[in-house]
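For the single chain, residues carry numbers from 1 onward in sequence order.
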Amino acid sequence: MTHDWHFGPTRLKDGRVRFRLWAPEAAAQGLAVRLELLGMGPLAMTALEDGWYEVITPACPEARYWFRLGDGTTLPDPASRAQAGDVHSPSVVVDPQRYTWRHPGWRGRPWHEAVVYELHVGILGGFSAAAAQLPRLARLGITAVELMPVAEFPGARNWGYDGVLPFAPECSYGPPDALRALIDTAHGLGMMVLLDVVYNHFGPEGNVWPRLASCFFRADRPTPWGPAIDFRQPEVRRFFTENVLYWLEAFHLDGLRFDAVHAMEDAGWLHEVAKAVHEGPGRERHIHLIAENDNNDATLLRDGFTAQWNDDFHHALHVLLTGETHGYYGDYAGASGGMHAPIAHLARALAEGFAYQGEASAYRGVLRGTLSTGLPPTSFVSFLQNHDQIGNRAHGERLLQLADPRALRCAVALHCLAPQIPLLFMGEESGSKAPFRYFTDHPPALAEAVRAGRQREFAGMAGFADDAAADGAHATLPDPNAPDTFAAACPVFDDNDWAAWYTRLLALRHTQLVPRLAGARTGTATVLSDLALQVSWPLGDGSTLSLWLNLGGEALAVTPVNEPGTLLFASQEPAYPALCDGRLDGYTLLAWLHDAATVDTAHPLTGVRA
């Protein structure tokens, strides 16, 4: 912890604590601001320049405090490190040095070794309960756990994207040291921990910044969640930069996933914060910054960000597996056999990164994307499912309920054996069908507004409207605020055939592909039919990885494969001899490694000899 934090309480060398608050609205009016520590009298804060207030006083760890404005309003610290209760409760003084790390020498892992597992801490029962799942995930082959947002949000149940106190771990999940223990446990198992952070908006309940600094937001830039955050303001930039560094340093996190950066007018802040990270904690250990960017803008990947979620991979494969074409899936459902067919989009995403690299998006009505050719495959995080793609469905169905299991098994093999970084969503690995729907715990008026808004949002969507027509009645969404909606989302982690399939594939990835992924380059792809393709990538050791995929039930005539190399995997045993004879069987995924003399030609995980 090397920073002299501007935001939040800082313990000084003499043992006292410095409390600061940025409140330019009060400063402009010449109003007093007081610090109130539980059990002590109010302390007047000194007005400094640029809207800052400060006071230094003795304060024990776990001391509770709040700020009182001149009109008598009490507010928690917007940079609170912990809350005594919910978002309207007093803030808590935290000593981040008190936790004794069991693995202080952990320096992370290179990104090409990542297999990411996205989970929701609250669904699993809190930080300690989530930590109990980590040994199972390590055995599965997971090397990086990605936590959905844990910043303090209103109520006890929430996806996490309604956070309003971004420095404070959600109190219903456990104290900050319980989060540290989760991360520490993961490091002991050789696993990285990434955290999803939200810097494009605040939640609808408990945001204190409008009272303290109206300049925190832009009146001229609306977003789906309210006025845009104004990253042109130096103190706004400082607030979020300190938040990034605080998570990485105070909690030993291995990286952050930045939610929906396409919704931010960041005025260059994302490039600025990437530099701060790599010149700070990133000098001594592997730190990975991952972006979610619906604009398919590869700029960040060439300037400090490690990787980006690739919706193109998901959307194209989802259309192929399910036949759904509503909403944004329409951009991936072009004419059969044409360059806009879903298989062509999937082929380009696999070979080059993005499917849309500047082409027109009919759904968005704009030219979408920038050139991604030339970036390594590991710059892209691929997924069959994630919290958005399940939770933003009306009924939260998982892919196993929507696709032919035979085709899905091949898609899983493609996902695990392609050189992009695979991400699994909680429960996917055991074929869970638990519906992961949007859930909240809002006060009654806000809860009703959320219910009504989601009903309007889904009313015109094809799948939801079709369900309503089939029922002969007005379909009703599950109530996001109902405890049952939250409770139903918890998956059962069975040790079944799906778990064995993932374990087998990930073991093969780690032993045969990961050692070759550093230095992998853009690939080439060939569309074989509306449901089949072949794609190859040059890997870092000079070998070439080739995959053949047929998601349909019919066999295809292809050019016979008689090249030297090693068969890594065949989803069904007769598929390799058939390929040598010029036939790609239905529901098949084959992986082949060319010019790799060091590969075991009878790998125990494949059961197939080249």
message: Whether the Asp77 and Tyr65 side chains hold a donor-acceptor pair (N or O, under 3.5 Å, no angle test) is what I'd like checked.
response: yes
message: Side chains of Thr74 and Glu36: any donor to acceptor distance under 3.5 Å?
response: no
Donor-acceptor pair between His387 and Glu118 side chains, under 3.5 angstrom: yes
field: Short side-chain donor-acceptor distance under 3.5 Å, Asp303 and His271
entry: yes
message: For Glu205 and His88, which I'm curious about, is there any donor-acceptor pair between the side chains at under 3.5 Å?
response: yes
- prompt: If you round to the nearest 0.5 Å, how far is CZ of Phe153 from CD of Glu170?
  reply: 3.5 Å
- prompt: In terms of the angle between their ring planes, are Trp247 and Phe251 parallel, tilted or perpendicular, with boundaries placed at 30° and 60°?
  reply: tilted
query: Any side-chain donor paired with an acceptor under 3.5 Å for Asn293 and Asp297?
result: no
- prompt: With a cut-off of under 6.0 Å to the ring centre and 45° to the axis, is Arg180 in cation-pi contact with Trp101?
  reply: no
query: So, Gln420 and Thr378: side-chain donor and acceptor under 3.5 Å apart, yes or no?
result: no
message: If we count only N and O atoms by modelled type, under 3.5 Å, do the side chains of Thr10 and Arg20 hold a donor and an acceptor together?
response: no
- request: Indicate whether any N or O donor in one side chain lies under 3.5 Å from an N or O acceptor in the other, for Asp259 and Asn200.
  value: yes
- request: Just jot down the side-chain contact (heavy atoms from CB on, under 4.5 Å) partners of Ala291, sequence neighbours excluded, or say none.
  value: Val261, Leu300, Phe305, Gln308
